[in-house]
Every structure is written in structure tokens, then in C-alpha cells.
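Data block below; observations after.
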Amino acid sequence: MSRILVTTEIPAPGMDILRAAGEVDLREVDHQQLVEACASGGYSVVVSQLRDRFDAELLESASLVGISNYAVGFDNIDIAAATQRGVTVANTPGVLTDSTADIAMLLILSTARRAVEADAFVRSGAFTGWEPELLLGSDVSGRVLGLAGFGRIARATARRALGFGMTVKFCPRPPGDREVSENELGEFAGRVEHASWDEIVTSSDFLSLHVPLSDSTHHLVDTAVLGAMKPSAIVINTARGPVVDEAALVTALREGAVAAAGLDVYEREPALEPGLAELPNTVLLPHVGSATVSVRSEMARLCATNAAAMFGGSMPPHPVNPDAWSHAG
């Protein structure tokens, strides 16, 4: 009998929705075990995490109807190979926009004002009283925020930054560009500036990354980009780790090519580039962009609803590759 494989328990109400749909097998698997499970014929749907890698080789042998990813991103899945094999992939879009933008703004503020350093300073017992030049940081209000990308999370970040009196520039599709109409800008028309990627890099006091991971955005921020930024600039990444060349970033932070970095994602997550954790001019979070009770619960509901639909023979509400469904039929 076909079952639903769940590689990590998801929050309520997700598991209840899944168990109401069919038999659930909840177990952690390494990559080889995942390959074997997908090829076994015992599962029609997998509820997966970003750490579960569905490459072309796995999908070639897979006997699946669908994969429901507990994430808005899906760079852990070879979408082209899944579509070719008739495996529908679903995700959880639209629910983590505000929570991730909150984290981007948190990283902007905490790096600029050296909040983590200051917290450690007080906890160590080194604080002996107010001093005129103790832990001086950077201003946020009046500074330039450059946004790489201008999708939902970037727009939500812009909304917050404007509230702090920042000047906001954006490049919608770095390292290239595209036209953006006043109609598309909507509430941001006349409030933000469309700029080239080169201008974003050279003029920003804060560079915040909001692009999907692709061939064109892999190492979007590399040695050349870091070298072209202001020495006082701060890099913020809440997108995907490999968008930044982490080794180049460590070197730039050590040598003063940029002032600081605030990261919620990492190139080889959960591993960090050697030297990164020792740098005092970094704020490092453990991929918590969507980590609020309400957001993770809604993600679980969407993820489980996607899985239940595919398990029951219906197109999921949020397909990434809808063509795969007809291809499978």
C-alpha cells in the first residue's frame, strides 16, 4: 500500500492533515536512504525539507507522484528532472514574506549598531559605565539600502526600511536588469529608485539580498562585488547561502573591504566557512527567517494540504511545476 514519507515532523496542523489523508511513515533519512525509499514503490508522496536533496539521479529511479517541500524555496530539487519524470513539486509560497523581511531588518539594525558585540560585552562583565566612544556603530536612518531583487520579501523589506527613513534602491534581476513600470511598483512608485546592479553595489550602505538561487545568482556577491562596495558597507543575506561567496566574504570582512555582514543562510549550511564565526563584525542566525509560531504552522498546513491533494490524486494547490501533473497522467 502506498504511503506518505515525512522526513521530519512538521508543526500542527500538518501531521493531522497528513494522517487524515493516508498512512504516514515519519522517519529521518540520509541521502542514500531517501534514494532507496523513493525508488521502492512504497511511497507516492514525500514531505521534504530543504536539506533533502532530490537530484536527477534520485529522480531517475523514483516512483513518486509528488514532493511537497516544507519551504517556499525548492533549490534542493531538480525541477527539470522532476517534470521529465512526471513528479509534481509543491511548495509553501506567500506565508513567510513578513517574517523574513523582519529578519532582514533585524540584521540591518543589529549589524549597524553592533548589537551582538554589545550584548557579549555586557555579559562578559566588561561594562563599567557609559563612555563617549563605546561600541560606536553606523547610522541606519538616511542611509542607502540596496535591494538585490524586488519580489515580495524585498518589497516588504523596503516598506520597513522606508519607515526608518532609509533611501531605497533596487535592481529587480541582478546581475542583469529589466524594466519595471510605475504600475508594477504600485505603492513604491516615487518612493524607491530603480538602479543597475553596478550602482547598487557601489552606492549602497546596506546590500540586502532577495534573489532565488540560480546559475546567474550563484556567487552573485563575489570578490569583485565585495571589492567594489564601500568599505563602510554591510552585507545582509536572508535569501540563499550560495548567493554569496562565503570564503570571499570572510576575506573581505577580515581585510576591511566591507564593514560587517548579517547572515541567516550559509553556502554549505549548516557548515560555516572557516573563520566566519570568529569575526566580531558579523551577526549569524541559524536560518530563522520564517521561524515564528504562526508562520511555521501555516507553512505546515500548506505543505500538508499539497501532499494530501497529490496523495489523493489531485493537483496540489501550490505546484511549482504544474506541467508535471499532466505529464504524469
Side-chain angles (χ1 to χ4, degrees), residues 4-22 24 26 28-29 34 38 43-54 59 64-79 82-83 87-104 149 151-157 209-214 237-243 264-265 269-270 285-325:
I4 301 171
L5 174 62
V6 181
T7 64
T8 299
E9 185 169 3
I10 59 175
M15 297 306 297
D16 287 343
I17 294 171
L18 292 170
R19 290 183 174 119
V24 173
L26 172 61
E28 291 190 9
V29 291
L34 182 62
C38 291
Y43 304 99
S44 59
V45 176
V46 178
V47 173
S48 58
Q49 304 289 325
L50 282 171
R51 63 175 173 266
D52 299 320
R53 182 167 51 88
F54 295 83
L59 290 161
L64 296 174
V65 172
I67 301 165
S68 183
N69 220 31
Y70 182 64
V72 64
F74 43 85
D75 47 88
N76 57 313
I77 304 169
D78 187 325
I79 298 299
T83 303
V87 177
T88 303
V89 177
N91 68 339
T92 62
V95 296
L96 47 72
T97 298
D98 284 326
S99 61
T100 305
D102 287 346
I103 289 292
R152 286 177 295 202
I153 296 172
R155 287 168 179 256
T157 303
L209 305 172
H210 303 279
V211 292
L213 180 61
S214 66
N237 190 10
T238 58
R240 285 289 180 262
V243 172
D264 188 42
V265 290
E269 192 171 311
L285 302 181
H287 203 150
V288 292
S290 63
T292 72
V293 172
S294 62
V295 169
R296 291 286 171 88
S297 177
E298 181 61 9
M299 287 173 63
R301 187 188 69 80
L302 292 180
C303 179
T305 301
N306 284 331
M310 292 187 286
F311 190 76
S314 298
M315 171 86 82
H318 301 286
V320 173
N321 58 341
D323 289 347
W325 191 258

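His210 places a side-chain heavy atom less than 4.5 Å from the side chain of Thr238. Side chains of Leu5 and Leu34 form a contact here, defined as non-hydrogen atoms less than 4.5 Å apart. Side-chain contact between Met15 and Val6 is present, with at least one heavy-atom pair separated by less than 4.5 Å. Within the 4.5 Å cutoff, the side chain of Ile10 has heavy atoms near those of the Gln49 side chain.
Applying side chain to side chain contact (heavy atoms under 4.5 Å, CB included) to Val46 and the options Leu64, Asp52, Val29 leaves one that passes, Leu64.
Atom OG of residue Ser99 and atom CE of residue Met299 lie 8.5 Å apart, to the nearest 0.5 angstrom. To the nearest 0.5 Å, the span separating OG1 on Thr92 from OH on Tyr70 amounts to 7.5 Å. Atom CG of Leu18 sits about 8.5 Å away from atom OG1 of Thr305, to the nearest 0.5 Å. Atom OG1 of Thr88 sits about 9.5 Å away from atom CD1 of Ile67, to the nearest 0.5 Å. If you take CZ on Arg240 and NE2 on His287, they are separated by 5.0 Å, rounding to the nearest 0.5 Å. Rounding to the nearest 0.5 Å gives a distance of 6.5 Å between CH2 of Trp325 and OG of Ser314.
Counting all heavy atoms, side chain and backbone alike, Thr83 lies closest to Ala324 at CA-CB, 3.9 Å. Closest approach of Ile79 to Asn321, counting heavy atoms only: CG2-CB, 4.0 Å. Taking each heavy atom of Ala239 and Val211 in turn, the nearest pair found is CB-O, 3.5 Å. Taking both residues in full, the closest heavy atoms of Gly14 and Ala304 are given as O-CB, 3.4 Å, listed atom of the first, atom of the second, then distance. A pairwise comparison of heavy atoms in Asn91 and Ala71 identifies CB-O, 3.2 Å as the closest pair. When all heavy atoms of Val72 and Pro93 are compared, the closest pair comes out as CG2-CA, 3.6 Å.
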For side-chain contact (heavy atoms from CB on, under 4.5 Å), just list the numbers for Leu50 and Asn69, CA-CA rounded to whole Å, side-chain angles, deciding distance to a tenth of an Å, and then say yes or no. CA-CA 7 Å; Leu50 282 171; Asn69 220 31; 3.9 Å; yes
Is there a side-chain contact (heavy atoms from CB on, under 4.5 Å) between Val87 and Phe54? Walk through the geometry before answering. CA-CA 11 Å; Val87 177; Phe54 295 83; over 6 Å; no
The test is side-chain contact (heavy atoms from CB on, under 4.5 Å); show your working for Arg301 and Ile17 and say whether it passes. CA-CA 8 Å; Arg301 187 188 69 80; Ile17 294 171; 3.9 Å; yes
Stepwise side-chain contact (heavy atoms from CB on, under 4.5 Å) check, Leu96 with Ile153: CA-CA 8 Å; Leu96 47 72; Ile153 296 172; 3.9 Å; yes
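Side chain of Asp264 to backbone of Gly289: a donor-acceptor contact under 3.5 angstrom is found. In terms of modelled atom types and a separation under 3.5 Å, the side chain of Ser68 and the main chain of Cys303 share a donor-acceptor contact. A donor-acceptor contact shorter than 3.5 Å links the side chain of Ser297 to the backbone of Ala12.
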